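Taking it in order: structure first as structure tokens, then the write-up.
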Amino acid sequence: MIVEQIWTGNAYRNFNYLIVCPDTGEALAIDPLDHEKCLAAAKAKGWAITQILNTHEHGDHTGGNKAVVAATGAKVLAHANAKDKIPGLDRGLRAGDVIKVGKRVELECMDTPGHTMCHICLRAHGDNPALFCGDTLFNAGAGNCHNGGHPAELYATFANQLSKLPDNTRIYPGHDYIANNLGFTLDREPDNAKAKAMLPDMKAQDPSKPLVTTLALEKEINTFFRLQSPSVIKRLREAFPDLPEQPDAKTVFIKLRELRNKW
Ligand SMILES: [Zn+2]
Ligand SMILES: [Zn+2]
């Protein structure tokens, strides 16, 4: 499986992706908002975009569909429940569905509500597992819930699905927010040595050559996976004095999400 991560350089800091079968050159474009860059990357490498996957219905993920379909005839895939939200949907997806790309690439669909209620993450199995997670999981952060989502659903997605993936899963999110998110991690957990050590490098990072994290690293630097951390809980109690002595993980997640909205 070839993964081409495309930095759009736009104000929203979107990442687009081409997932390519090395045998046939057939490609799946994930959220190809910057259709010009995606089409140019495919042309330069001799790849043919045959499918488009929208992780969810927001315009900064679907806005390139029309141009890519016009140029390539690609089929549009997204969550089955997004059929009234994404024009021209060819295939509605549900949990466990498999997207085949060319001969060798198979991606499993995960139904991951929270950022919106029809959000798909794609999972690649094998020796080099990967997760294409749209706006659900970001490097060192989590998606917001104020454009059609729910924090309790996002918590369930993190707790029941994402946190259970193999630790060596490479994480490919829909936006480059890592520097800002590490700032939030340190605001919530000032003694997080790993986040502190990474912040200067990530502030200086060229997003066209981004660090690809793993789930193991996310569990160290992403506050939304650190719900049992005593210093996260201690800091949270400063903002929410009524927090119980041993708050449950869901309460911690939802309060962190609330603080992140205003941070
Ligand atoms: Zn979104
Ligand atoms: Zn987005």
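For ligands, and for the atoms within them, numbers begin at 1 and follow the listed sequence. Only a predicted model underlies this, so the values are computations on that prediction, with no experimental measurement involved.
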Just grab all the side-chain hydrogen bond (donor to acceptor under 3.5 Å, both in side chains) pairs involving residues 68-93, residues at least two apart or on different chains. His79-Asp111
Partner residues of Arg226 under the salt bridge (charged side-chain N to carboxylate O under 4.0 Å, His left out) criterion, sequence neighbours left out: Glu189
Is there a donor-acceptor pair closer than 3.5 Å between any side-chain N or O of Asn10 and the backbone N or O of Asn14? yes
Quick one: side-chain hydrogen bond (donor to acceptor under 3.5 Å, both in side chains) pairs with a partner in residues 39-53, sequence neighbours left out? Glu4-Lys45
Tell me whether the guanidinium CZ or amine NZ of Lys250 lies under 6.0 angstrom from the six-membered ring centre of Tyr155 and within 45° of its axis. no
Looking at His115, pick out the N, O or S atom nearest to the Zn ion (ligand 1) and give its name. NE2
Given a cut-off of 2.8 Å, the protein N, O or S atoms lying below it from the Zn ion (ligand 2) are Asp60 OD2, His61 NE2, Asp135 OD2, His175 NE2
Aromatic centroids of His175 and His61 separated by under 6.0 Å: yes
